[in-house]
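Every value quoted in this text rests on a predicted model; they were computed, and no experiment measured them.
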Amino acid sequence: MKTYTVTTEMTNSWQVRAEVGKHQLVIDQPAAGDTGPNPLDTFLFALAGCVSTIARMTAREQGFELRGIKVEVNGELNPAGLAGKPSTDPVGFKHIDIRADIDADLDEAGKQAFLELVCARCPVHDNLLRATPVSHQSR
């Protein structure tokens with residue numbers, strides 16, 4: 001087992017900062033300082049990034065060259081819930097669509113089968129498909 005931990009800090013602005021390993025990450029809001037992407041964009045980026053890296057790993061294991069992969073992730077969200085307004089829609093994304101342009105010597109069926117395998121191995125994708133228990137407490 002391996003545990004991943006991220007600790008963030010928000011002070012008097014909308015900016016949320018974290019040191020993740022050797023990297024500084026910033027999440028912000030466009031209407032505030034716009035010094036980084038918002039949390040929803042960051043979430044979709046994490047999914048696309050995970051699919052991309054698992055694709056590289058899987059292609060290497062299967063013995064073919066993945067010259068490149070471009071992943072587009074679209075998430076549909078009704079902002080009513082996050083704004084505190086009544087809605088029957090979920091507060092989070094209603095639907096997420098992943099499209100991957102795979103640059104490899106595979107036919108279309110092979111690319112689709114490869115993408116299915118990649119998504120089945122992607123931890124971020126898996127967390128979306130199967131509910132992960134989340135607890136929360138104040139300190």
Side-chain angles (χ1 to χ4, degrees):
M1 299 306 278
K2 185 173 182 179
T3 299
Y4 290 80
T5 301
V6 174
T7 302
T8 65
E9 184 175 11
M10 174 189 252
T11 55
N12 62 350
S13 71
W14 289 89
Q15 190 180 83
V16 179
R17 296 187 153 275
E19 245 183 72
V20 181
K22 299 177 186 177
H23 309 281
Q24 280 281 330
L25 299 180
V26 175
I27 291 177
D28 205 353
Q29 294 295 327
D34 202 19
T35 58
N38 70 42
L40 296 170
D41 290 333
T42 305
F43 181 83
L44 296 178
F45 174 61
L47 175 58
C50 190
V51 167
S52 298
T53 56
I54 297 297
R56 174 75 63 201
M57 181 173 51
T58 303
R60 182 184 64 218
E61 291 169 0
Q62 292 189 346
F64 69 87
E65 181 185 6
L66 177 64
R67 291 180 293 272
I69 184 168
K70 180 179 179 182
V71 178
E72 178 182 303
V73 179
N74 294 297
E76 182 180 283
L77 180 133
N78 178 347
L82 69 88
K85 298 177 182 172
S87 175
T88 57
D89 287 332
V91 174
F93 290 109
K94 290 175 63 170
H95 178 78
I96 295 174
D97 182 52
I98 300 170
R99 294 185 184 147
D101 293 322
I102 300 166
D103 186 5
D105 292 329
L106 300 170
D107 61 17
E108 287 308 310
K111 288 179 181 181
Q112 185 62 37
F114 176 68
L115 182 59
E116 295 294 333
L117 176 60
V118 166
C119 288
R121 292 180 59 177
C122 172
V124 177
H125 189 281
D126 185 67
N127 276 213
L128 292 168
L129 290 179
R130 296 190 283 185
T132 299
V134 179
S135 61
H136 48 271
Q137 61 187 8
S138 66
R139 298 191 270 183

Is the closest side-chain heavy-atom distance between [X] and [Y] below 4.5 Å?
X	Y	value
H125	I54	no
I96	F43	yes
F93	L44	yes

Do you reckon L47 sits in the same ILVMFWY cluster as M57, going by side-chain contacts under 4.5 Å, direct or chained?
yes
Do V26 and M10 land in one hydrophobic cluster if side-chain heavy atoms of ILVMFWY residues count as linked below 4.5 Å?
no
D28 side-chain N/O to G36 backbone N/O, donor-acceptor pair under 3.5 Å:
no
Side-chain donor/acceptor of R17 to backbone N/O of Q24, under 3.5 Å:
no
Write down the atom of [X], the atom of [Y], and the distance for their closest heavy-atom approach.
X	Y	value
A46	V124	O-CG2, 4.1 Å
D89	S87	N-OG, 3.0 Å
L77	G92	CD1-C, 3.7 Å
F64	A104	CE1-CB, 3.8 Å
A18	T8	CB-CG2, 4.0 Å
A32	W14	CB-CD1, 3.3 Å

Quick one: pull up [atom1] in [X] and [atom2] in [Y] and give me the separation to the nearest 0.5 Å.
X	Y	atom1	atom2	result
R56	E65	CZ	CD	8.5 Å
I27	Q15	CD1	CD	10.5 Å
Q112	D107	CD	CG	11.5 Å
D103	L66	CG	CG	7.5 Å
D97	E76	CG	CD	10.0 Å
E19	L25	CD	CG	9.5 Å

side-chain hydrogen bond (donor to acceptor under 3.5 Å, both in side chains) filter on Q29, not counting sequence neighbours, yields none
Quick note, salt bridge (Lys or Arg N to Asp or Glu O under 4.0 Å) partners involving residues 112-131, not counting sequence neighbours, are E61-R121, D126-R130
Could you list the residues that satisfy ring-ring contact (aromatic ring centres under 6.0 Å, His included) with F45, not counting sequence neighbours?
none
Quick one: side chain to side chain contact (heavy atoms under 4.5 Å, CB included) partners of D41, sequence neighbours excluded?
P37, N38
K22: salt bridge (charged side-chain N to carboxylate O under 4.0 Å, His left out) partners, not counting sequence neighbours:
none
Checking D105 now: which residues fulfil salt bridge (charged side-chain N to carboxylate O under 4.0 Å, His left out) with it, not counting sequence neighbours?
R67
